[in-house]
Novice: 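First, the structure itself, so that you have it in front of you.
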Amino acid sequence: MKAAIFKGVNIISLEEITPPSLPEKGIIIKVKAAGICGTDVRIYRGKKMVTPPKIIGHEFAGEIVEVANDLQGFSIGDRVLVEAIIPCGNCYACRRGEMNICTGRQTLGYEYNGGFAEFVAIPKEAISAGCVIKIPDSVSYEEAAVCEPAAACINGNSKIDDKLRESLLVAGDGPVGLIHTQLGKIRGFEKVILAGTDDEKLKIGKELGADETVNVNDESLSSFIKEKIDEEGIECVVIANNNKSSLDECLPLLKKGGEAIIFAGYKNDESIEINLNFIHYKEIKIKGSSGHSVKEMKKAVELLEKGKLNLQKIITHRLNIDDVVKGIQMKENLVGIKHIITF
């Protein structure tokens, strides 16, 4: 089979290798679609530690082609997506039901071989954790592959206090920003404002439900919010980009009792200064959001099946396995929105 193998910093080798063997109590999936993620860029550039050689790719869906004889509940031909994060089930986070921040988790595409290959083996640990999820015929393999970032956004959206319903600012017009825009409308916010730097992406955001869009290269975000939304500010902001200056700019826009969801990851040494009285007197809440779990993956499938979430709109590039590096570089250089490897 063809596989894109991470061999070291800036080295991904496309090779013909032997397909994986069927694991004990596991399955083999023929990959139909795999998404390229910002984390894949960081792995490629040596900014996230993955021990080579490793087949990366943690956003994927496909068809089951082999099932262990003693495994119940799955059949050859089942259409499935995979929750790549395999929780340990035993740590304090798992005991609280927060599998997304499991301290002993392993991940397909990091510790296990992932989806940038024609076939991928799913171990029994993932099966027993419920990480293999069947998808209905109405959900395409491409959409199923994009359920991974959608699940992460659903996790972030779940952090928002139910009392907040007036205004949501989504800071970032990439794929996660466009998903957060839709989730904000699904949640019932009266006004969802999408801020970004690309007019074409902002246009798509408008088509996906944003009530207002603002290009921060052309207009002051602060002035826009205070003049066109509410002079007191906004109720909630989701930081859907990893530009620290965006966080610095957005936090002061929160009104009393407002919340900031820090969705993006930053460099390890990045920090910000916050006026503690701003947090104290205005009762501002700052919350982190990381990863997802089986629960959020199933919710993403449900929203797709009901037609409430549009993921096709954010898929701008479809590539074959030979073009994995090209796709990673496109992602790195912000060319397009979502890039899918199709098989």
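Residue numbers start at 1 and run along the sequence shown. As a basis for the values below, the full set of heavy atoms in this structure was taken, side chains included, without hydrogen atoms, waters or symmetry mates.
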Novice: Look at atom CD of Glu283 and say whether more than 12 heavy atoms of other residues, nucleotides or ligands are closer to it than 6.0 Å.
Specialist: no
Novice: Using the rule that Ile, Leu, Val, Met, Phe, Trp and Tyr join whenever any side-chain heavy atoms are under 4.5 Å apart, tell me whether Ile314 and Leu303 fall into a single cluster.
Specialist: yes
Novice: Any donor-acceptor pair under 3.5 Å linking the side chain of Lys32 with the backbone of Phe60?
Specialist: no
Novice: Using 0.5 Å steps for rounding, measure from the OG1 atom of Thr181 to the CD1 atom of Ile186.
Specialist: 11.0 Å
Novice: Under 3.5 Å, is there a donor-acceptor pair between the side chain of Arg165 and the main chain of Glu190?
Specialist: no
Novice: Under the side chain to side chain donor-acceptor pair (under 3.5 Å) rule, what pairs show up with a residue in residues 53-71, not counting sequence neighbours?
Specialist: Glu59-Lys338
Novice: Leu202 and Leu183: same hydrophobic cluster, using ILVMFWY side-chain contacts below 4.5 Å?
Specialist: yes
Novice: For Leu178 and Val170, run side-chain contact (heavy atoms from CB on, under 4.5 Å): C-alpha distance rounded to whole Å, both residues' side-chain angles, the deciding distance at 0.1 Å, then the answer.
Specialist: CA-CA 8 Å; Leu178 294 171; Val170 179; over 6 Å; no
Novice: His339: what forms a ring-ring contact (aromatic ring centres under 6.0 Å, His included) with it, not counting sequence neighbours?
Specialist: His317
Novice: Using a 6.0 Å cut-off, check whether atom NZ of Lys298 has over 12 heavy atoms from anything other than its own residue.
Specialist: no
Novice: Are Glu296 and Lys299 close enough for a salt bridge, meaning some N to O gap below 4.0 Å?
Specialist: no
Novice: Keeping Glu219 on the side-chain end and Asn215 on the backbone end, is there a donor-acceptor pair under 3.5 Å?
Specialist: no
Novice: Using every non-hydrogen atom in the two residues, find where Gly265 and Asn242 come nearest and quote the distance to one decimal.
Specialist: O-CB, 3.0 Å
Novice: Report yes if the side chains of Arg95 and Asn90 come closer than 4.5 Å at any heavy-atom pair, otherwise no.
Specialist: no
Novice: Do Val324 and Asp40 come close enough that some side-chain heavy atom pair is under 4.5 Å?
Specialist: no
Novice: Do Ile56 and Thr39 have side chains that approach each other closer than 4.5 Å (heavy atoms only, starting at C-beta)?
Specialist: no
Novice: Mind checking the NZ-CG spacing from Lys203 to Asp198? Nearest 0.5 Å is all I need.
Specialist: 12.0 Å
Novice: Is the backbone N or O of Ser245 less than 3.5 Å from a side-chain atom of Asn243, with the two atoms forming a donor-acceptor pair by type?
Specialist: yes
Novice: Answer yes when Asp78 and Lys134 have at least one side-chain N-carboxylate O distance shorter than 4.0 Å, and no when they do not.
Specialist: yes
Novice: Which heavy-atom pair separates Asp173 from Thr197 by the least distance, and what is that distance?
Specialist: OD2-N, 2.8 Å
Novice: Around atom NZ of Lys287, are there more than 12 heavy atoms of other residues, nucleotides or ligands at under 6.0 Å?
Specialist: yes
Novice: On a heavy-atom basis, which atom in Ser13 and which in Lys7 lie closest, and how many Å separate them?
Specialist: CB-CG, 4.0 Å
Novice: Which heavy atom of Ile11 sits nearest a heavy atom of Tyr44, and at what distance?
Specialist: N-CE1, 3.7 Å
Novice: Flag the pair Cys147 / Leu304 as yes when at least one side-chain heavy-atom distance between them is below 4.5 Å, and no otherwise.
Specialist: yes
Novice: Which value, rounded to the nearest 0.5 Å, describes the distance between Leu168 atom CG and Ile193 atom CD1?
Specialist: 7.0 Å
Novice: Does one hydrophobic cluster hold both Ile225 and Leu254, with members joined at side-chain heavy-atom distances below 4.5 Å?
Specialist: yes
Novice: Any donor-acceptor pair under 3.5 Å linking the side chain of Asn100 with the backbone of Gly291?
Specialist: no
Novice: Can you check whether Ile5 reaches Ile17 side chain to side chain, under 4.5 Å on heavy atoms?
Specialist: yes
Novice: What's the spacing between Phe189 CZ and Glu235 CD if we round to 0.5 Å?
Specialist: 6.0 Å
Novice: Measure across Val31 and Gly115 and return the closest heavy-atom pair with its distance rounded to 0.1 Å.
Specialist: CG1-O, 3.6 Å
Novice: Do Ile272 and Lys244 have side chains that get closer than 4.5 Å, going by heavy atoms?
Specialist: yes
Novice: Any ring pair (Phe, Tyr, Trp, His ring centres under 6.0 Å) involving residues 240-278? Give me the pairs, sequence neighbours left out, ordered by first then second residue.
Specialist: His180-Phe263
Novice: Please check if the number of heavy atoms outside Lys30 that lie under 6.0 Å from its NZ is greater than 12.
Specialist: yes
Novice: Enter the distance from Ile279:CD1 to Ile274:CD1 here, rounded to the nearest 0.5 Å.
Specialist: 4.5 Å
Novice: Count the heavy atoms of every other residue, nucleotide or ligand shown that sit under 6.0 Å from NZ of Lys159, and state whether that count exceeds 12.
Specialist: yes
Novice: Count the heavy atoms belonging to other residues, nucleotides or ligands that lie under 6.0 Å from CG of Asn217, then report whether that count exceeds 12.
Specialist: yes
Novice: Using distance alone, with no hydrogens and no angle criterion, decide if Glu142 and Ser140 have a side-chain donor and acceptor under 3.5 Å apart.
Specialist: no
Novice: In plain terms, say whether Glu207 and Lys313 are close enough for a salt bridge, that is, a side-chain N and a carboxylate O under 4.0 Å apart.
Specialist: yes
Novice: Measuring from atom CZ of Phe6 to atom OG1 of Thr51, what distance do you get when rounded to the nearest 0.5 angstrom?
Specialist: 9.0 Å
Novice: Got a sec: does the NZ of Lys285 have more than 12 other heavy atoms crowding it under 6.0 Å?
Specialist: yes
Novice: Should Ile160 and Arg187 count as side-chain neighbours, where that means a heavy-atom distance under 4.5 Å?
Specialist: yes
Novice: Crowded around Glu270 CD? As in, over 12 foreign heavy atoms under 6.0 Å?
Specialist: yes
Novice: Go through Ile122 and Leu108 one step at a time and tell me if the side-chain contact (heavy atoms from CB on, under 4.5 Å) criterion holds.
Specialist: CA-CA 8 Å; Ile122 309 300; Leu108 292 155; 4.1 Å; yes
Novice: Walk me through it: do Glu16 and Lys2 pass the test side-chain contact (heavy atoms from CB on, under 4.5 Å)?
Specialist: CA-CA 5 Å; Glu16 285 281 351; Lys2 278 188 176 181; 3.3 Å; yes
Novice: Within a strict 4.5 Å, meaning less than it, do heavy atoms of the Ile28 and Pro23 side chains meet?
Specialist: yes
Novice: Test your reading of the model: is there a side-chain donor-acceptor pair from Gln182 to the backbone of Asn310, 3.5 Å cut-off?
Specialist: yes
Novice: Taking Ile204 as the starting point, is it possible to reach Val214 by hopping between hydrophobic residues whose side chains are less than 4.5 Å apart?
Specialist: no
Novice: How close do Leu194 and Ala210 get, counting heavy atoms only, and between which atoms?
Specialist: CB-CB, 4.1 Å
Novice: Determine whether Leu221 and Cys250 satisfy the following criterion, side-chain contact (heavy atoms from CB on, under 4.5 Å), listing intermediate values before the conclusion.
Specialist: CA-CA 8 Å; Leu221 181 57; Cys250 289; 3.9 Å; yes
Novice: Test the Lys48-Tyr110 pair against the cation-pi criterion, namely NZ or CZ under 6.0 angstrom from the six-membered ring centroid and within 45° of the ring axis.
Specialist: yes
Novice: Would you check if the side chain of Thr316 reaches a backbone N or O of Ile337 as a donor-acceptor pair within less than 3.5 Å?
Specialist: yes
Novice: Is it true that Val120 and Ile27 fall in one hydrophobic cluster, defined by side-chain heavy atoms closer than 4.5 Å?
Specialist: yes
